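These notes concern the structure reproduced below.
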Amino acid sequence: MDLFDYMRQQNQEKEAPLASRLRPRTLDEVVGQQHIIGKDRLLYRAIQADQLGSLIFYGPPGTGKTTLARVIANTTSARFKQINATVAGKKDMEEVVREAQDARGMYGQKTILFVDEIHRFNKGQQDYLLPFVEDGTLILIGATTENPYFEVNGALLSRSRVFELKPLKPEEIKELIRRGVYDQERGMGAYHGEIEEDAMDFLAEAAGGDARAALNAVELGILTTEPGPDGKIRITLKVAQECIQKRAVRYDKNGDGHYDTVSAFIKSMRGSDPDAAVYYLARMLYAGEEIKFISRRIMICAAEDVGNADPQALCVAVAAAQAAERIGMPEAQIILSQAVTYVASAPKSNSACMAVSRAMEAVKGGALGPIPVHLQDRHYQGAAKLGHGEGYLYAHDYPHHYVKQQYLPDGMEGSVFYEPSDNGLEKKIKEHLNWLKNMDN
């Protein structure tokens, strides 16, 4: 590196956005992701020992994929090259490979290639890297916001270890915000700014696990806010809202706002009001509620409150949960809206829910009579000799695939737990069960 390159690099570091300046240089500076870089974890040990294999970092924006790659660059003795798949072409890769081969042949030095947005490479570009990863010319580190099992070449995946990065927790975001505001060397400390606690809480929640979004808001707030009479720049809640272009919603995930909103959401679905249900969905999403939490509420409602009146509701809810988690925000809101409006609009019945409640009460109350002999399993060793299964009537051998016989334990004959309603499909289920009961075999 000559003097001009050095000066250019120094200027870039000084003029870089706050989020870039605050990137950790060592593993100990990294905030969050302890499930993969905790001191007892494989990745931490591999980085410290400089014994890395090929890696894929997968996770939402602002969770530290590039940060971890830069930490590795600062730690490893290997050559480190970085390209972005959105702009890099085959010539760029050929140059990296040629330099890697030279370094390996002349100096025995490894080369780590970090490919940002690796899912943007087409199949041919990914295939080009494969033999060089396989023979050790390159150690590949890929970063992607898309599920690598769908977007990355299977052969590359089989030669790499996938690490999933999680959205940062609000407390972790707040730690980075403090660094951004008060750090004199790499943060905004020279501006002598301050951030109020409610503004920091708001930014930590509104960022949705994205550290970059929170730090960008901090930087904008400090650079555009006039100092007060005491000469200090203060980031208030109002300033924070303007900087991240969101209004504060009263929604403390551990407080009344959270529980009240969730309660209204569930009761609106149960009450067959899709407009209210989707409104509360929007409030939760806007406040940064986790997709998994919302999906669980929808699935429970589909089973508990819709039940067999429309069994398809649970299928829709489960499919929506899987799709929303796979796709992520903001598009996941469309999927969740479909599920919420379907469940809210579906005919309702809690008969299945009440059935298991009644059955559980019976079991707790001591209704634990022996299982009828003809229902017992006769296939395990010695069971047939004991008469287990003897006298069982196979339903499919009879008209309408039904035959009357005792299924409940002795003393519980005639007990009713499931009482279908007259709503939706359950009305037909009720009619069918009544028909069976009145059938003569």
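Because only heavy atoms are used, hydrogens play no part in the values below, and waters and symmetry mates are left out as well, while side chains stay in. Values in this document were obtained by computation on a predicted structure and should not be read as measured data. All residue numbers in this chain count up from 1 along the given sequence.
Within 6.0 Å of atom CD in Gln338, 12 or fewer heavy atoms from other residues, nucleotides or ligands are found, so the atom counts as exposed in its surroundings. Residue-environment remark: OH (Tyr128) exceeds the threshold of 12 foreign heavy atoms within 6.0 Å. Counting non-hydrogen atoms of neighbouring residues, nucleotides and ligands closer than 6.0 angstrom, the CD atom of Glu325 reaches no more than 12 such neighbours. More than 12 non-hydrogen atoms from other residues, nucleotides or ligands lie less than 6.0 angstrom from CZ of Arg358.
Here the shortest heavy-atom pairing between Lys39 and Arg45 reads O-CG, 4.2 Å. Counting all heavy atoms, side chain and backbone alike, Leu433 lies closest to Pro420 at CD1-CG, 3.9 Å. Residues Asp422 and Lys427 approach most closely at O-CB, 3.6 Å, considering heavy atoms.
Of the charged side-chain nitrogens involved, at least one lies within less than 4.0 Å of a carboxylate oxygen, so that Glu175 and Arg179 count as a salt-bridged pair. Under the 4.0 Å criterion applied to side-chain N and carboxylate O atoms, Lys428 and Glu426 are not assigned as salt-bridge partners. Between Arg98 and Asp102 there is no salt bridge, since no side-chain N of the basic residue sits under 4.0 Å from a carboxylate O of the acidic one. Salt-bridge check for Lys81 with Glu99: passed, with a basic side-chain N closer than 4.0 Å to an acidic carboxylate O.
Side-chain N/O atoms of His119 and Glu146 include no donor and acceptor closer than 3.5 Å. Asp273 and Ser268 are not linked by any side-chain donor-acceptor pair at a separation below 3.5 angstrom, with hydrogens and angles left out of the test. Under 3.5 Å, the side chains of Asn423 and Ser349 contain no donor-acceptor pair of N or O atoms. With hydrogens and angles left out, the side-chain atoms of Arg159 and Ser54 include no donor and acceptor closer than 3.5 Å. A side-chain donor-acceptor contact under 3.5 Å links Asn84 and Thr86. Using modelled atom types, one finds a donor on one side chain and an acceptor on the other under 3.5 Å when comparing Gln48 with Tyr44.
You'll find the side chain of Ile294 reaches within 4.5 Å of the side chain of Leu281, heavy atoms only. By the 4.5 Å heavy-atom criterion applied to side chains, Asp183 and Met188 are not counted as neighbours.
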**OP:** Just do the salt bridge (charged side-chain N to carboxylate O under 4.0 Å, His left out) check on Lys166 and Glu164 with the steps written out, would you?
**Re:** CA-CA 6 Å; Lys166 306 291 186 181; Glu164 183 178 2; 3.7 Å; yes
**OP:** Take Glu29 and Arg186 through the salt bridge (charged side-chain N to carboxylate O under 4.0 Å, His left out) test and state the conclusion after the steps.
**Re:** CA-CA 13 Å; Glu29 291 183 3; Arg186 292 152 61 193; 3.5 Å; yes
**OP:** Apply side chain to side chain contact (heavy atoms under 4.5 Å, CB included) to Phe57 and Ile141, showing your working.
**Re:** CA-CA 7 Å; Phe57 292 138; Ile141 299 179; 3.7 Å; yes
**OP:** In sequence, state the C-alpha distance, the side-chain angles, and the governing distance for Glu94 and Lys91, and then conclude on salt bridge (charged side-chain N to carboxylate O under 4.0 Å, His left out).
**Re:** CA-CA 5 Å; Glu94 288 174 343; Lys91 285 187 177 180; over 6 Å; no
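By the 30° and 60° cut-offs, the orientation of the rings of His396 relative to His401 is perpendicular.
Atom CD of residue Gln126 and atom CG of residue Leu129 lie 8.0 Å apart, to the nearest 0.5 angstrom.
Without hydrogens or angle criteria, Gln376 side chain to Ile371 main chain gives a donor-acceptor distance under 3.5 Å.
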